[in-house]
There are 2 protein chains.
Amino acid sequence: MSIQPKTVREQVTNQIRDDLLSGRFEAGSMLREIELASRFGVSRGPVRDAFIQLSHEGYLAYYANRGVMVRHPPNPEDRKFITAIRQDIETHVVLKGASQVTEESLKVVEVALDRLKAACDAGKATVIALRDVEFHESVLIACGGDDMLGAWRQLCSRMLLTYTRHENYAQTYREHFEIFTPLADNDAKSTVAAIRANIR
Amino acid sequence: MSIQPKTVREQVTNQIRDDLLSGRFEAGSMLREIELASRFGVSRGPVRDAFIQLSHEGYLAYYANRGVMVRHPPNPEDRKFITAIRQDIETHVVLKGASQVTEESLKVVEVALDRLKAACDAGKATVIALRDVEFHESVLIACGGDDMLGAWRQLCSRMLLTYTRHENYAQTYREHFEIFTPLADNDAKSTVAAIRANIR
DNA sequence: CGTCTGTTAATTGTTAACATCGTACCGTAC
DNA sequence: GTACGGTACGATGTTAACAATTAACAGACG
């Protein structure tokens, strides 16, 4: 059921993203294609693709002929604003699409929830942050929010770099479980309420 | 003063984007790397990079091992919502950064305004749409809104595909001139008011 | 007749070599 | 001592060949 990345580009992209989230690369430092290519044992092509992709996701800043730089996390003021926009987008999509959620897409959401639970049990913050976002993403997809996904991802990626809210991992899981339950019943209003309680 | 794209990738990306905006490619159709590469007289590499970039900008949908598809424009309901979010982002950035606008960055805004005026005089809708967005982008950059630029671009790209609002090109220019004037005086509140009147 | 499977053509994915661009360093002139 | 210019190095930009994947089709089998 889980989606294993098949192409080298996806694997490289995911690996670099994980490294960025776990703070392996210092903010403001430059990343070199050759160095990462040799580390992963691939050519520069997929690494280059990953750089373009991660630049558009907001993790890296791209400078022509000079390479990419690790971006700094957003300041508290922007964080607050981004959170509000994110709430608005998820609310909009769920209100519009919760009634059309299919069995199949709901199953994907359930898998995402299980993975989040596993991460919470393990207690690794960076993994939880990833699974958290992936769960919300699956909800948006289930509600047919493909059109908003790009903008939404942009916002989330900026937030991920400073994922520090939860000290209580059990509560993290519970909050998301309470999003899933009403969604499974096609109850848009309750789903939205749970989402707004979770994103803050 | 104008920024000419130097790399082949940028030129290819811009050309494909223009073609998409002017409706040269049918929504839902697939784009092939080889075909576009030979049309532009370049190799598949830059075209591939452009596909990745334009996918992230929201114009194209990417399918692994199968290529990219021209996305459909957003429906009226989503359009309305996107407009609201766009207003919020621009408002946030301008309120926060209008006081720190430098002479240099203001000059870039002025150039963008001139280019918009030229497009309005020429009366070509697709060019006006592009210049319109570029003007707003220059304002955001001038106000230090780099952090929001990615998400903002996502939203705008979706809107551009259905740029049909203005029949009166002179008014299009005037509305943007009225954004520029208070910005030059570091008057955040008036700038925001003009922006909110323009984006609708 | 419908379904399954093997083949094939077309397209994307990846690689390595070559071209081009930016930067740092060093020598020289003032 | 400082400023300017050339040169060398290291990085990204681009290309074309090769590998892997996909989807369509034809033929065999039930």
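Quick note on labels: first sequence line is chain A, next is B, and so on, each numbered from 1. This is a predicted model, so every value here is computed, not measured. Worth knowing before you read on, the calculation uses all heavy atoms, side chains too, and leaves out hydrogens, waters and symmetry mates.
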Contact list (N/O, under 3.5 angstrom) for nucleotides 21-23 of chain C vs protein:
| from | atom 1 | to | atom 2 | distance (Å) |
| --- | --- | --- | --- | --- |
| C:dC21 | O3' | A:Asn65 | ND2 | 3.2 |

Which atom of B:Met69 lies closest to which atom of B:Gly28, heavy atoms considered: CG-O, 3.2 Å

Axial cation check for B:Phe177 ring with B:Arg174, 6.0 Å and 45° limits: no

What is the distance from [atom1] of [X] to [atom2] of [N], rounded to the nearest Å?
X       : N      : atom1 : atom2 : result
B:Met69 : C:dT11 : CE    : P     : 18 Å
B:Phe51 : C:dG13 : CZ    : P     : 10 Å
B:Met30 : D:dA23 : CE    : P     : 9 Å
B:Arg48 : D:dG13 : CZ    : P     : 16 Å
B:Leu31 : C:dA10 : CG    : C1'   : 16 Å
A:Ile34 : D:dG10 : CD1   : C1'   : 8 Å
B:Gln53 : D:dG13 : CD    : C1'   : 14 Å
A:Phe40 : C:dT14 : CZ    : P     : 14 Å

A:Leu20 side, atom CG; A:Leu31 side, atom CG - distance, nearest 0.5 Å: 6.5 Å

Distance in Å, A:Ser105 OG paired with A:Leu140 CG, rounded so as to fall on 0.5 Å steps: 12.0 Å

Check the side chains of [Y] and [X] for a donor-acceptor pair under 3.5 angstrom, ignoring hydrogens and angles.
X        : Y        : answer
B:Glu178 : B:Thr181 : no
B:Gln11  : B:Gln15  : no
B:Glu10  : B:Thr13  : no

Distances under 3.5 Å between nitrogen or oxygen atoms of protein and nucleotides 15-19 of chain C:
| from | atom 1 | to | atom 2 | distance (Å) |
| --- | --- | --- | --- | --- |
| C:dT15 | OP2 | A:Ser43 | N | 3.1 |
| C:dT15 | OP2 | A:Ser43 | OG | 2.9 |
| C:dT15 | O5' | A:Ser43 | OG | 3.4 |

Under-4.0 Å salt bridge between A:Arg17 and A:Glu57: yes

Whether A:Phe81 and B:His92 hold their rings parallel, tilted or perpendicular, with breakpoints at 30° and 60°: parallel

Sugar-phosphate, base or nothing in reach of A:Tyr62, heavy atoms under 4.0 Å: sugar-phosphate

